[in-house]
Amino acid sequence: MEAIEAKIKHGLEDKGIKCQSVYRIPDPDDPRLLLSFHSHDSQKITTMRIQHVLNSLGVGEFNVPKEFQRLSAAFLHLEVSMGAKTEKKIAPRAT
């Protein structure tokens with residue numbers, strides 16, 4: 001697991017959200033992460049709480065959908081988008 005994935009997983013766990021895995025989807029044009037949560041441990045978490053925790057970690061701005069996806073019986077999945085604020089904007093120079 002790379003640094004950003006580990007930081008996200010540990011940051012969620014530090015805030016009481018048990019995350020099973022964090023996977024970066026390999027698309028440089030659309031940076032996204034897939035988070036999975038064990039369905040038995042995740043009955044009280046919300047997507048808004050996850051978004052708040054992710055945005056407080058200091059690794060970028062995240063957009064989180066309003067609903068979990070269920071790709072299997074045992075896990076809830078959440079695909080989050082990393083926003084453009086992961087890099088500073090360059091101000092245009094006056095001519």
Side-chain angles (χ1 to χ4, degrees):
M1 189 179 327
E2 292 185 27
I4 191 167
E5 290 94 333
K7 186 170 185 174
I8 289 170
K9 184 173 181 179
H10 295 297
L12 288 168
E13 289 176 0
D14 288 345
K15 298 292 185 176
I17 301 173
K18 191 172 183 180
C19 182
Q20 188 67 29
S21 64
V22 178
Y23 175 73
R24 188 186 318 197
I25 298 172
D27 185 355
D29 297 328
D30 186 16
R32 293 171 289 151
L33 298 169
L34 182 65
L35 311 175
S36 69
F37 307 91
H38 197 280
S39 59
H40 295 294
D41 298 331
S42 306
Q43 296 176 357
K44 294 185 180 184
I45 62 171
T46 65
T47 57
M48 290 304 293
R49 182 168 175 224
I50 291 171
Q51 181 171 350
H52 176 72
V53 170
L54 288 175
N55 288 327
S56 72
L57 296 177
V59 294
E61 183 175 320
F62 292 88
N63 296 318
V64 179
K66 296 189 185 296
E67 296 181 354
F68 290 97
Q69 300 169 356
R70 186 173 287 278
L71 302 178
S72 65
F75 295 99
L76 297 172
H77 296 84
L78 191 61
E79 186 177 305
V80 300
S81 299
M82 295 178 67
K85 289 191 175 182
T86 56
E87 296 179 11
K88 294 181 180 180
K89 289 186 177 183
I90 300 173
R93 292 178 54 174
T95 55

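- Here NE2 of H77 is found 10.0 Å from OG of S39. Values are rounded to the nearest 0.5 Å.
- Rounding to the nearest 0.5 Å places CD1 of I17 at 5.0 Å from CD1 of I50.
- Checked by atom type and distance alone, the side chain of K9 pairs as donor or acceptor with a backbone atom of Q20 at under 3.5 Å.
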Distance-only check: which donor-acceptor pairs under 3.5 Å involve side-chain atoms of residues 64-71, not counting sequence neighbours?
from, atom 1, to, atom 2, distance (Å)
R70, NH1, A73, O, 2.9

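- Transitive grouping of hydrophobic side chains (ILVMFWY, heavy atoms separated by less than 4.5 Å) keeps V22 and F75 in distinct clusters.
- From C19, atom SG reaches atom CG of L76 across 11.0 Å, with rounding to the nearest 0.5 Å.
- For the atom pair CD of E61 and CG of L54, the computed distance is 11.5 Å after rounding to the nearest 0.5 Å.
- The salt bridge (Lys or Arg N to Asp or Glu O under 4.0 Å) check on E79 picks up R32, with sequence neighbours excluded.
- In this structure, R49 CZ and K15 NZ are separated by 9.0 Å, a value rounded to the nearest 0.5 Å.
- In the hydrophobic cluster analysis, where Ile, Leu, Val, Met, Phe, Trp and Tyr join through side-chain heavy atoms closer than 4.5 angstrom, L33 is grouped together with L78.
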Could you walk me through whether L35 and I8 pass the side chain to side chain contact (heavy atoms under 4.5 Å, CB included) test, one step at a time? CA-CA 9 Å; L35 311 175; I8 289 170; 4.2 Å; yes

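- Scored by the side chain to side chain contact (heavy atoms under 4.5 Å, CB included) test, H52 finds no partners at all (sequence neighbours excluded).
- Rounded to the nearest 0.5 angstrom, K18 NZ and F37 CZ are separated by 12.5 Å.
- Partners of F62 by ring-ring contact (aromatic ring centres under 6.0 Å, His included), not counting sequence neighbours: none found.
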